[in-house]
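A short write-up of the structure that comes next.
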Amino acid sequence: MDAMEAVAIIILIIAIVILVYYYLLNSPETMAKIRKVVPQSADAHMNEVLGNDNQGYDLAKEDLVDGEDSGSMSKRIKVKLSDIDMSSLNTDAFSNKIDAFLDAKSDELIKDWSLATTNDLEELQTKFTETTSSVDNLEKNFEEFKKSSEEFQKVTEERLGDLDQRIESLENK
């Protein structure tokens, strides 16, 4: 296994831990069941130090299951998967929450990330077509001006030529 595969596995493990955390965070029934089973403190005197009056689950308490010794930790702390409500663990619901968040914050995301929307693209397209038509009109007008200025230059040269001939004829007389 190379480094990239190891990094990918670590990222997947972190993602799974985060999903389980958010699942537990968003399901109060499951958290209540876990709090009933998992002790709040491992020290018998911790409640006195923290000032808690209610007695939680105590690890030192003898809990006999079917007459067996309760010395092992696995018998003291027992969570059955059947007790956990799996109905709220749904990827569709998680996707719907993400979609709702993106819908609610879409304007802020577009503004913050300088994203372009379809409306922006349509506006740019209309501005582009207006600009190209304006450039085409300018080119057409320039060609007309150039043509008219060439004609004007020819007419002016002909008139100057006529004036030169008149001047020469007047000088030679």
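Everything quoted here is computed from the prediction, not taken from an experiment.
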How long is the gap from [atom1] on [X] to [atom2] on [Y], to the nearest 0.5 Å?
X	Y	atom1	atom2	value
Leu160	Gln165	CG	CD	11.5 Å
Arg159	Lys154	CZ	NZ	15.5 Å
Thr129	Leu124	OG1	CG	10.5 Å
Glu158	Asp162	CD	CG	7.5 Å
Phe152	Glu157	CZ	CD	11.0 Å
Glu130	Lys127	CD	NZ	8.5 Å

Q) Side chains of Ser106 and Asp103: do they bring a donor and an acceptor to under 3.5 Å? A) no
Q.
Is there a side-chain contact between Ile18 and Tyr22 in this structure, where contact means two heavy atoms from C-beta onward sitting under 4.5 Å apart?
A. yes
Q. Would you say Lys97 and Phe101 make side-chain contact, with heavy atoms under 4.5 Å?
A. no
Q | Ile10 and its side-chain contact (heavy atoms from CB on, under 4.5 Å) partner, picked from Val7, Ile13, Ile14 | A |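 Only one option passes, and that is Ile14.
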Q. Is there a path of hydrophobic side-chain contacts, each under 4.5 Å between heavy atoms of I, L, V, M, F, W or Y residues, that connects Leu170 with Ile167?
A.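 No; Ile167 is not reachable from Leu170 via cluster members.
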Q: Is it possible for you to say whether Leu138 and Phe145 belong to one hydrophobic cluster, with membership spreading through side-chain heavy-atom contacts below 4.5 Å?
A: no
Q. Hey, is the main chain of Asn96 close enough, under 3.5 Å, to the side chain of Asp99 for a donor-acceptor pair?
A. no
Q) Do Asn137 and Ser134 pass the side-chain hydrogen bond (donor to acceptor under 3.5 Å, both in side chains) test, and can you show the C-alpha distance, the side-chain angles, and the key distance before you say yes or no? A) CA-CA 5 Å; Asn137 288 337; Ser134 296; 5.5 Å; no
